[in-house]
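Right, one structure below, let's go through it.
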Amino acid sequence: MSKMIDGKTRVLGVMGCPVEHTKSPAIHNMLAQELGLNVCYLPFHVEREDLQDAVKGALGLGILGLNVTVPHKSEVIKGLADIDDLAKEIGAVNTLVRVDGGFKGYNTDMPGLLRAMADDKVTVCGADVVILGAGGVARAVAMMLAKNGAASIQIFNRTMEKAQAIAEEMNALVKQDLVKAFALADLAELDRSKKYLVIQTTNVGMDPDCNSCVWEDPAFYELVDVGYDLIYKPRETVFMQKVKAAGGRSYNGLKMLLYQGIIAFELWNQVQVPDELAYKVYDKLLESLD
Ligand code: NAP
């Protein structure tokens, strides 16, 4: 938030339901203050049935840009003036940028994850990847990995049909047999001559269910080179603890959250957020988890 709200302050915000838990105001208001920009970021609780009215209202009110979170990321698309190619392919929009005649939708979640991985020196290109889970985020992650040169992508899910649907869609998109689908129990059959980049996209282990893990068997964790859990609360999930105990590197989803926010902020304000400021905001976010 700018130091003082005045007649020239532009409004940014996030629409979701629920939205009360969001960390986005902390990210954006700190960025605005540090960069001396006269913008203010607010949470908006928007029910499903009010979504299209909210988009039109935001346009009428001159709101500069919005983030969109659960459950509106797909539904919001029909109210947009334009959509970025990546967001269209993913089928989910988390950022609205004001353009002539309406809002243009972007997806900054996947570029955010990619930027977080780059920052953590995790290489996607050439990696053998395991995705745990096959929900909305897993689908987007599979697309990001396929587009960024992963050597192989194996999706393991409790409901195997959902993993299969993602694999078929991605293979058709990249025109090769890159993505394979399995049931969770098939994790015991992984090729033990390889080390994997594992992306944990299920809800299992998320606060308040902090003592759970989607797959317990220690033998699996011996194969994990890097484990990325998209959950960030708790700060260290059981999945991350198991990766570490077996000698791998593990990360939570907080940096993905940070960078999806930073990319949105850069789109709205036409600025480049310097690395030092990104790290400063990250430290504040970490503190807020404790
Ligand atoms: P989703 O569509 O609801 O998918 C949930 C996935 O979790 C499904 O694969 C589901 O399996 C699996 N699952 C749930 N409970 C399970 C259980 N008890 N045992 C085994 N598998 C179980 O959710 P999503 O939108 O993809 O989000 C997934 C995660 O990403 C959430 O934890 C969310 O917090 C996180 N996320 C993080 C960020 C970030 O910035 N860090 C951004 C977005 C999302 P079935 O298919 O069998 O039901």
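Quick note: numbers below take in every heavy atom, side chains included, and nothing from hydrogens, waters or symmetry partners. Note that ligands are numbered from 1 as they come in the structure, with each ligand's atoms numbered from 1 the same way.
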Among all protein heavy atoms, pick the one closest to [atom] and tell me residue, atom and distance.
{"atom": "atom 4 (O) of ligand 1", "value": "Gly135 CA, 3.4 Å"}
{"atom": "atom 28 (C) of ligand 1", "value": "Thr201 O, 2.9 Å"}
{"atom": "atom 42 (C) of ligand 1", "value": "Met256 CE, 3.7 Å"}
{"atom": "atom 11 (O) of ligand 1", "value": "Asn157 OD1, 3.3 Å"}
{"atom": "atom 5 (C) of ligand 1", "value": "Asn203 ND2, 3.6 Å"}
{"atom": "atom 34 (O) of ligand 1", "value": "Met206 SD, 3.7 Å"}
{"atom": "atom 6 (C) of ligand 1", "value": "Thr202 CA, 4.0 Å"}

Any side-chain to backbone donor/acceptor pair from [X] onto [Y]? Under 3.5 Å, distance only.
{"X": "Thr201", "Y": "Leu132", "result": "yes"}
{"X": "Arg139", "Y": "Ile90", "result": "yes"}
{"X": "Gln260", "Y": "Met110", "result": "no"}
{"X": "Arg192", "Y": "Phe220", "result": "no"}
{"X": "His72", "Y": "Val46", "result": "yes"}
{"X": "Asn171", "Y": "Glu168", "result": "no"}
{"X": "Asp6", "Y": "Lys8", "result": "yes"}
{"X": "Thr237", "Y": "Met240", "result": "yes"}
{"X": "Asp186", "Y": "Phe182", "result": "no"}

If you measure every N or O of [X] against every N or O of ligand 1, does any of those distances drop under 3.5 Å?
{"X": "Tyr232", "value": "no"}
{"X": "Ala138", "value": "no"}
{"X": "Thr159", "value": "yes"}

Using a strict cut-off of 4.0 Å, indicate which atoms of ligand 1 neighbour a heavy atom of [X].
{"X": "Gly136", "value": "2 (O), 26 (O)"}
{"X": "Ile231", "value": "32 (O)"}
{"X": "Lys162", "value": "45 (P), 46 (O), 48 (O)"}
{"X": "Gly133", "value": "9 (O)"}
{"X": "Ala134", "value": "9 (O)"}

Look at ligand 1 and say whether Gln260 reaches it with a heavy atom at a distance under 4.0 Å. no
Would you say Asp109 touches ligand 1, if touching means a heavy atom closer than 4.0 Å? no
Minimum heavy-atom distance between Ile153 and Ala142, given as atom pair plus value: CD1-O, 3.8 Å
Could you tell me whether [X] approaches ligand 1 through its side chain, its backbone, both or neither, with non-hydrogen atoms closer than 4.0 Å?
{"X": "Val137", "answer": "both"}
{"X": "Leu113", "answer": "neither"}
{"X": "Leu257", "answer": "both"}

Is the closest side-chain donor-acceptor distance between Asn67 and Asn94 under 3.5 Å?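 Their side chains do not contain a donor-acceptor pair, so the 3.5 Å distance test is not met.
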Can you find a side-chain donor-acceptor pair between Asp84 and Asn107 that sits under 3.5 Å?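 No.
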From the candidates Asp207, Leu230, Val204, Asn252, the one that places a heavy atom nearest atom 35 (C) of ligand 1: Leu230
Option whose closest heavy atom lies nearest to atom 48 (O) of ligand 1, chosen from Glu161, Arg139, Arg158: Arg158
Exercise check, heavy-atom protein proximity under 4.0 Å to atom 31 (C) of ligand 1: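 Looking at atom 31 (C) of ligand 1, one finds that a protein heavy atom does lie closer than 4.0 Å.
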Taking 4.0 angstrom as the limit, do Asp120 and Lys255 come out as a salt bridge? yes
Quick one: which of Ile63, Val76, Leu59, Leu267 gives a side-chain contact (heavy atoms from CB on, under 4.5 Å) with Leu96? Val76
